[in-house]
Amino acid sequence: MTVSRALTIAGSDSGGGAGIQADLKTFQELGVFGMTAITAVTAQNTLGVQGVYPLTLEALKTQIDSVAEDLSPHAIKTGMLFNADMIRLVSQQIVHYGWENIIVDPVMVAKGGQSLLQEEADEALITSLLPLAKVITPNIPEAEVLTGMEIRTLDHRKDAAKRLVDLGAKNVMVKGGHDSTNDVVTDLLYDGHTFHLFEGERKETKHTHGTGCTFAAAITAEISKGNNVLDAIQTAKAFIQSAIEDQLGFGSGHGPTNHWAYNKRNVYR
Ligand SMILES: Nc1ncnc2c1ncn2[C@@H]1O[C@H](COP(=O)(O)OP(=O)(O)O)[C@@H](O)[C@H]1O
Ligand SMILES: Cc1ncc(COP(=O)(O)OP(=O)(O)O)c(N)n1
């Protein structure tokens, strides 16, 4: 039996709701062995980010080498990459190891508004990492930064997705959580030929810390099992929908999503 294995290259969220913590919880719930290469340690809670402490490039490279040389991940997710040097290093490592199942969650700003990516790093994301992505999962603000476009309608999202494919991404998922204009949340996937819509009922809640991380981690887990992109996203959509709907409901700010919900685990006393 092959144990599906996924590597997340991302930041640590002390609050447990986003970053590698969300990724590992999601991998585990989907039956995938999760491994990590940490880019930065952050002090966070549901109220925001209180501190960001990047690791050295050597520390990041050595973590990736350690996993690559013994544990052979089937899929790799990138999350918070902090600066251009880290983005270029991760891109070089992906090419060096010949990895193709790359899911890029272009983390730029935390839900509370704190920056998680240094400004000059956008260019490195576009030129170095985006062309290596099997799937990239920007939210609407991230897609605006990556394309330089204003995104207010679904047609704008389609144009942005096409632009990102032109820049080299194989599949582009422009998520719809930030479009609060109606009671259905629509995510748009463009595979270079066809647009696919993934809809879910909008849950009126503030407890959405780590939704993007969790969604991208679920896609990564499913692709690590050998599933195609469309099937992986179908499962990931169901995973994040249940994680938001069956909310845990703690923390004074943006609380974490419920990573147990998809498997309908009763975790309450
Ligand atoms: N209030 C909500 N109700 C239901 N689904 C949501 C809600 N907010 C976000 N989602 C879903 O969570 C995922 C993350 O979306 P989004 O919030 O746009 O990205 P990010 O978390 O990176 O800002 C998407 O699948 C989106 O449809
Ligand atoms: C370490 C770390 N990585 C990513 C995030 C982003 O999480 P969040 O602020 O909830 O935004 P989305 O995941 O919903 O895009 C973070 N806060 N910390």
Side-chain angles (χ1 to χ4, degrees), residues 8-24 26 36-55 77-82 86 103-117 135-146 151 157 173-189 196-219 232-247 251 253-259 261:
T8 175
I9 305 172
S12 168
D13 168 10
S14 59
I20 60 137
Q21 286 83 357
D23 298 341
L24 289 175
T26 303
T36 63
I38 297 174
T39 57
V41 172
T42 72
Q44 287 189 60
N45 54 32
T46 67
L47 296 170
V49 180
Q50 292 80 37
V52 177
Y53 311 96
L55 274 67
K77 179 204 166 192
T78 70
M80 174 189 178
L81 295 177
F82 185 68
M86 283 197 174
I103 294 82
V104 174
D105 180 20
V107 173
M108 296 179 186
V109 176
K111 276 279 174 348
Q114 298 84 355
S115 172
L116 297 174
L117 181 69
V135 186
I136 183 169
T137 64
N139 59 32
I140 289 172
E142 290 159 350
E144 290 182 319
V145 169
L146 293 172
I151 300 175
R157 279 203 256 163
M173 162 67 81
V174 182
K175 301 168 293 186
H178 289 243
D179 173 10
S180 55
T181 56
N182 59 47
D183 58 6
V184 172
V185 189
T186 302
D187 301 331
L188 169 79
L189 172 70
H196 307 269
L197 300 183
F198 299 84
E199 297 183 339
E201 184 180 342
R202 177 176 293 282
K203 168 85 173 177
E204 288 310 324
T205 177
K206 64 178 181 177
H207 298 308
T208 56
H209 178 60
T211 47
C213 302
T214 299
F215 186 56
I219 296 170
I233 291 175
Q234 293 280 14
T235 299
K237 184 64 177 175
F239 191 95
I240 194 59
Q241 188 74 27
S242 55
I244 294 170
E245 287 181 350
D246 189 7
Q247 61 184 11
H254 294 289
T257 62
N258 180 350
H259 295 89

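Both counts, for ligands and for their atoms, begin at 1 and track the order of listing.
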Which residue supplies the protein heavy atom nearest to [atom], what is that atom called, and how far is it?
atom	value
atom 3 (N) of ligand 1	K203 N, 2.9 Å
atom 22 (O) of ligand 1	K175 NZ, 2.8 Å
atom 18 (N) of ligand 2	Q44 NE2, 2.8 Å
atom 5 (C) of ligand 2	L116 CD1, 3.6 Å
atom 18 (O) of ligand 1	G177 N, 2.8 Å
atom 10 (O) of ligand 2	G210 N, 2.5 Å
atom 23 (O) of ligand 1	H178 NE2, 2.7 Å
atom 6 (C) of ligand 2	C213 SG, 3.9 Å
atom 7 (O) of ligand 2	A18 CB, 3.5 Å

Find all atoms of ligand 2 within a distance of less than 4.0 Å from any non-hydrogen atom belonging to [X], and give their numbers and elements.
X	value
K111	8 (P), 9 (O), 10 (O), 11 (O), 12 (P), 14 (O)
T211	13 (O), 14 (O)
A110	9 (O), 17 (N)
G11	1 (C)

Does [Y] offer a backbone N or O that forms a donor-acceptor pair with the side chain of [X] under 3.5 Å?
X	Y	answer
D13	A18	yes
H209	P256	no
Q241	G200	no
E199	V184	no
T214	I240	no

For [X] and [Y], does a side-chain donor sit closer than 3.5 Å to a side-chain acceptor?
X	Y	result
T46	K206	no
S12	Q21	yes
T205	Q247	yes

| task | Using distance alone, decide if ligand 1 has a nitrogen or oxygen within less than 3.5 Å of any nitrogen or oxygen in I240. | result |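 The answer is no, given that I240 and ligand 1 share no N or O pair closer than 3.5 Å.
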| Mode of E142 contact toward ligand 1 - side chain, backbone, both, neither (heavy atoms, under 4.0 Å) |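 It is neither part, as no heavy atom is under 4.0 Å.
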| query | Any idea which part of K237 is under 4.0 Å from ligand 1, heavy-atom wise: side chain, backbone, both or neither? | reply |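 Side chain only; the backbone of K237 stays clear of ligand 1.
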| request: Examine ligand 2 and decide if any of its atoms is less than 4.0 Å from a heavy atom belonging to A10. | output: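 Checking ligand 2 against A10, which is what was asked, there is no heavy-atom contact under 4.0 Å.
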| Quick one: does G79 get a heavy atom under 4.0 Å from ligand 2? |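 Contact absent.
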Sub-4.0 Å atoms of ligand 1 with respect to non-hydrogen atoms of [X]:
X	result
V185	3 (N), 4 (C), 5 (N), 26 (C), 27 (O)
K111	21 (O), 23 (O)
G212	20 (P), 21 (O), 22 (O)

| Among I244, V185, T208, which residue meets the side-chain contact (heavy atoms from CB on, under 4.5 Å) test with K203? |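 When side-chain contact (heavy atoms from CB on, under 4.5 Å) is applied between K203 and each of I244, V185, T208, only I244 qualifies.
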How about [X] and [Y]: do any of their side-chain heavy atoms sit closer than 4.5 Å?
X	Y	answer
L189	F198	yes
E245	N258	no
P54	T39	no

| task | Take every heavy atom of E201, measure it against each atom of ligand 1, and state whether any distance is under 4.0 Å. | result |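 Flag set, E201 near ligand 1.
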| task | Please say whether more than 12 non-hydrogen atoms of neighbouring residues, nucleotides or ligands are located less than 6.0 Å from CD in Q50. | result |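 Counting neighbours around CD of Q50, more than 12 heavy atoms of other residues, nucleotides or ligands fall under 6.0 Å, so yes.
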| Nearest to atom 21 (O) of ligand 1 by heavy atom, I244, T211, D187: which? |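 Answer by nearest heavy atom: T211.
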| task | Look at atom 15 (O) of ligand 2 and find which of G212, G112, G15 reaches it with the closest heavy atom. | result |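 Heavy atom nearest to atom 15 (O) of ligand 2 belongs to G212.
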| Close N or O approach (S12, ligand 2; < 3.5 Å) |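 No - when backbone and side-chain N and O of S12 are compared with those of ligand 2, no distance drops under 3.5 Å.
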| Could you state the interatomic distance from CD1 (I233) to NE2 (H196), rounded to the nearest 0.5 Å? |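 The CD1 atom of I233 sits 8.5 Å away from the NE2 atom of H196.
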| query | What distance separates N139 CG from M173 CE, expressed to the nearest 0.5 Å? | reply |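 CE of M173 is found 12.5 Å from CG of N139.
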| task | Heavy-atom distances under 4.0 Å are what count here, so tell me which part of H254 touches ligand 2: side chain, backbone, both or neither. | result |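 No part of H254 is near ligand 2 at this cut-off.
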